[in-house]
Amino acid sequence: MDKSKYIVTSALPYAEAIPHIGNLVGSILPADIFYRYIRFLKGEDAIFICGSDQHGTPIEIQAYKKGVEPKELAYSMHNKMKELFERFNIAFSYYGYTDSEENKRTVYEIFDSLYKNGYIVETEIILPFCKYDNKVLSDRFVIGKCPYCGFDDARGDQCDNCGRLLTPDQLIDPRCNICKRNDIEFIKSKNLAVNLTALQDQIKDFIEANKDHNWSKAAVNKSLSYIKEGLKPRDITRDIEWGFPVNLKGYESKRFYVWFDALIGYIGITKQYLKERYVDYWKDRSTKLIQFMGKDNIEFHALLWPGILIGSKSGFILPYTIKSLEYLNIKGGKFSKSRGKGINIEQALDIMDSDYWRFILAYIMPETADSEISVEIIEEAVNSILNNKIGNLFYRVLSIAKRDSIKNLNIVIDDKAKEYIKRYEELMDKIEIREALRLVMELADITNSYINDKRIWDIRDKDKLIEILNELLGRLYAIAVMLYPFIPSFSQYFLGVIGVDDLKIESIANRAISIKLDSIKIPFSKLNQEQIDKLKERLE
RNA sequence: AGCGAAGUAGGGUAGCCUGGAGUGCCCGCCGGGCUCAUAACCCGGAGAUCGGUGGUUCAAAUCCACCCUUCGCUACCA
């Protein structure tokens, strides 16, 4: 890759509940792995931006249920998530939040620019209003008879019987699902929208110009397909309480909708981090903006977001890469709060340390298709791969050195190691994370095989043994560096043992090392029964 | 319903764009080896009508059509 600046982002987790490991593997973890690679292994000028998405209806409702202010809930959740991500060893340059003053100013500036440039239009939606509760109802709080199949308890967004999508006003005899009365009136509400129709050609040009930068196939196909159908104005305001008030006369009672201020949050959070120097990244044309997100977020990042940036004409860079990931499912279904299935990141850390989870999740990362997590798959990843393959390889080599008290070595990076480093870089540059990890596992396999072939435990000639250990330690060094983005704690432990504190790939070369023989320990362990039981409880 | 993505040995994946013997990898299983290592590691083997049907072609996992199944989006659920 060329020398240039990078902004790596992960979709902002919503501050309603603790994210589950599916959320983590879908954007934050791959972003972290890629960021660690370009920042620490390649030494590029890169920042990793993420934060809590704090506004919107669900938080408002959740807070209302708990009897607290939305703001209070949003901030306590933010603090909780921030702490958990730290424990997960996520190397954010800054983990901010969308309710900040910095973000508010940015939202207003960008909105003003869009308005001034003529890209804001008014839309009208029809909202169900319950006269008894004196409340605007969200679509699914209205129930009634389905106009298609006659099912009596169809919800306002979808009929559970025939599966058709509905709008509340289509329901026959609509009633409120809170008070169960049929005292519903449909009122009209005007909102503001970004006129994506007017920006469509420019958005298309943007996609065509960037789609070859390792975009996920789904991201390209889906966004081009939307454009082919024709983009419609996208609402950015709503009739809710919790959020930034709209700064336009006549609309002060409205709030900016989450998909406006959360996207702009990438910029707002960078301002929290770098203050006015945020322009060094966001307005420097050489910066590559690499964005990670779940597949459900593609249209917002590939269409609305560039539309906002282009329409504001403020000189912000556009996304360089849109890397969407598929979903991680539990065997037999989705992560489900209602069924109480799934593992949130707090529960996950209660069972295993972050390196284990990071490894498992990278090993099954749903990059090209949905993937499945189960106790069996976790056992495979931890026991057979991480422990037996990687952990054992490191330990068996170091044990030989310890047995013969061989401390000082002049390690050699052999052709095999060089070949794998090169292939690893090619994959990581293309952001093929899971394949890169599997490639490193392959080098571990080859190295295990090499040890058996050479029967290093039988070698009595010390010079001969040292010669081979030089090569093997070279392999381990290369493997440890390549694993750093995935399992940073382990890498740092091993580099500490050989007294090297340089993570750069270009530094992987022949050099003298000194092994701290006393620090040698078994790096990983298999799952114990207690851990398996806990996993079963969450996943089966 | 429309639009995207996916369906390859018991499980998981790669290959598909740019057709050329089911070619590969990981786990599991079976047999053997080794004993440095955490019952670990190494070698060998069995196991697949490549979701289905039809078509194009000398040749289809790969291209085309239709169908089945799963997931996501379709604008207040982020």
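Sequence lines set the chain letters: A, B, ... in the order given, protein chains first and strands last, and positions in each chain run from 1. In what follows, every heavy atom counts, from backbone to side chain, and hydrogens, waters and symmetry copies are set aside.
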Exercise. So, is A:Ser223 close to the B:G4 phosphate, meaning a side-chain N or O under 4.0 Å from OP1 or OP2?
Worked result: no
Problem set entry | Touch class at under 4.0 angstrom, heavy-atom based, for A:Asn387 against every strand present | base
Exercise. Nearest of B:C26, B:A78, B:C71 to any side-chain atom of A:Pro58?
Worked result: B:A78
For this session: Remember a base hit wins even if backbone is also touched, and classify A:Asn448 as base, sugar-phosphate or nothing at under 4.0 Å, heavy atoms.
Result: sugar-phosphate
Exercise. Looking across every strand, which nucleic acid part, if any, lies under 4.0 Å from A:Phe300 by heavy atom: base, sugar-phosphate, or nothing?
Worked result: nothing
Exercise. Hey, are the side chains of A:Tyr257 and A:Asn191 touching, using non-hydrogen atoms and a 4.5 Å cut-off?
Worked result: no
For this session: Compare the minimum distances between each of B:G12, B:G72, B:A14 and the side chain of A:Asp296, then state the nucleotide with the smallest one.
Result: B:G72
Exercise. What's the closest nucleotide to the A:Ser384 side chain, out of B:C3, B:G28, B:C73?
Worked result: B:G28
Seminar exercise, completed: Atom CD of A:Glu367 and atom C1' of B:A5 are separated, to the nearest Å, by 15 Å
Seminar exercise, completed: Of B:C36, B:U38, B:A78, the nucleotide closest to the side chain of A:Ile522 is B:U38
Exercise. Base, sugar-phosphate, or nothing for A:Ile240, non-hydrogen atoms under 4.0 angstrom?
Worked result: nothing
Seminar exercise, completed: Winner on side-chain proximity to A:Asn221, out of B:C41, B:A5, B:G11, is B:A5
Problem set entry | d(CD, A:Glu372; P, B:C71) in whole Å | 11 Å
Problem set entry | Nearest to side-chain heavy atoms of A:Tyr14, which nucleotide of B:U13, B:A78, B:C3 | B:A78
Exercise. Roughly how many Å is it from CH2 in A:Trp457 to C1' in B:C42, rounded to a whole number?
Worked result: 8 Å
Problem set entry | A:Ile456 vs A:Ile459 side-chain heavy atoms within contact, under 4.5 Å | yes
Exercise. Given B:U70, is OP1 or OP2 found less than 4.0 Å from the side-chain N or O atoms of A:Tyr327?
Worked result: no
For this session: Grab the CZ-C1' distance between A:Arg460 and B:C36 for me, whole Å please.
Result: 10 Å
Seminar exercise, completed: Taking B:C26, B:C41, B:U13 as options, the one with an atom nearest any side-chain atom of A:Ser371 is B:U13
Problem set entry | Nucleotide B:A75, atom P - distance to NE2 of A:His301 in whole Å | 19 Å
For this session: Tell me what A:Glu379 touches on the nucleic acid: a base, only sugar-phosphate, or nothing, going by heavy atoms under 4.0 Å.
Result: nothing
Exercise. Would you call A:Arg475 and A:Asp414 a side-chain contact if the rule is heavy atoms closer than 4.5 Å?
Worked result: yes
Exercise. Using purine N1 to pyrimidine N3 plus N6-O4 or O6-N4 for Watson-Crick, or N1-O2 and O6-N3 for G-U wobble, both under 3.5 Å, which nucleotide pairs with B:U53?
Worked result: B:A65
For this session: Taking only the side-chain nitrogens and oxygens of A:Thr57, find out if one of them lies under 4.0 Å from OP1 or OP2 of B:A78.
Result: yes
Exercise. Has the side chain of A:Asn452 got a donor or acceptor atom sitting under 3.5 Å from an opposite partner on the base of B:C41?
Worked result: yes
For this session: Report yes if at least one side-chain N or O of A:Thr368 is closer than 4.0 Å to OP1 or OP2 of B:A14; otherwise report no.
Result: yes
Problem set entry | Under 4.0 angstrom between A:Arg455 side-chain N/O and B:G33 OP1 or OP2 | no
Exercise. With respect to the side chain of A:Ser399, which nucleotide from B:C36, B:C27, B:G4 is positioned closest?
Worked result: B:C36
For this session: Round to the nearest Å and state the distance from A:Lys217 atom NZ to B:A6 atom C1'.
Result: 9 Å
Exercise. Of the nucleotides B:A75, B:U38, B:C26, which has the atom closest to the A:Arg238 side chain?
Worked result: B:A75
For this session: Rounded off to whole Å, could you give me the CG-to-C1' distance for the A:Leu472 and B:C42 pair?
Result: 15 Å
Seminar exercise, completed: Only residue of A:Phe244, A:Phe260, A:Tyr14, A:Tyr97 satisfying ring-ring contact (aromatic ring centres under 6.0 Å, His included) with A:His55 is A:Phe244
Exercise. Can you find a pair of side-chain heavy atoms, one from A:Ile345 and one from A:His20, that are under 4.5 Å apart?
Worked result: no
Seminar exercise, completed: Between A:Pro523 and A:Tyr356, the two heavy atoms sitting closest are O-OH, 4.4 Å
Problem set entry | Between B:G15 (C1') and A:Arg434 (CZ): distance, integer Å | 13 Å
For this session: Using a cut-off of strictly less than 4.0 Å, decide whether A:Lys389 has a side-chain nitrogen or oxygen near OP1 or OP2 of B:C27.
Result: yes
Problem set entry | Pairing nucleotide - B:C17, Watson-Crick or G-U, each distance under 3.5 Å | none
Exercise. Between A:Arg234 and A:Asn195, is any pair of side-chain heavy atoms under 4.5 Å apart?
Worked result: no
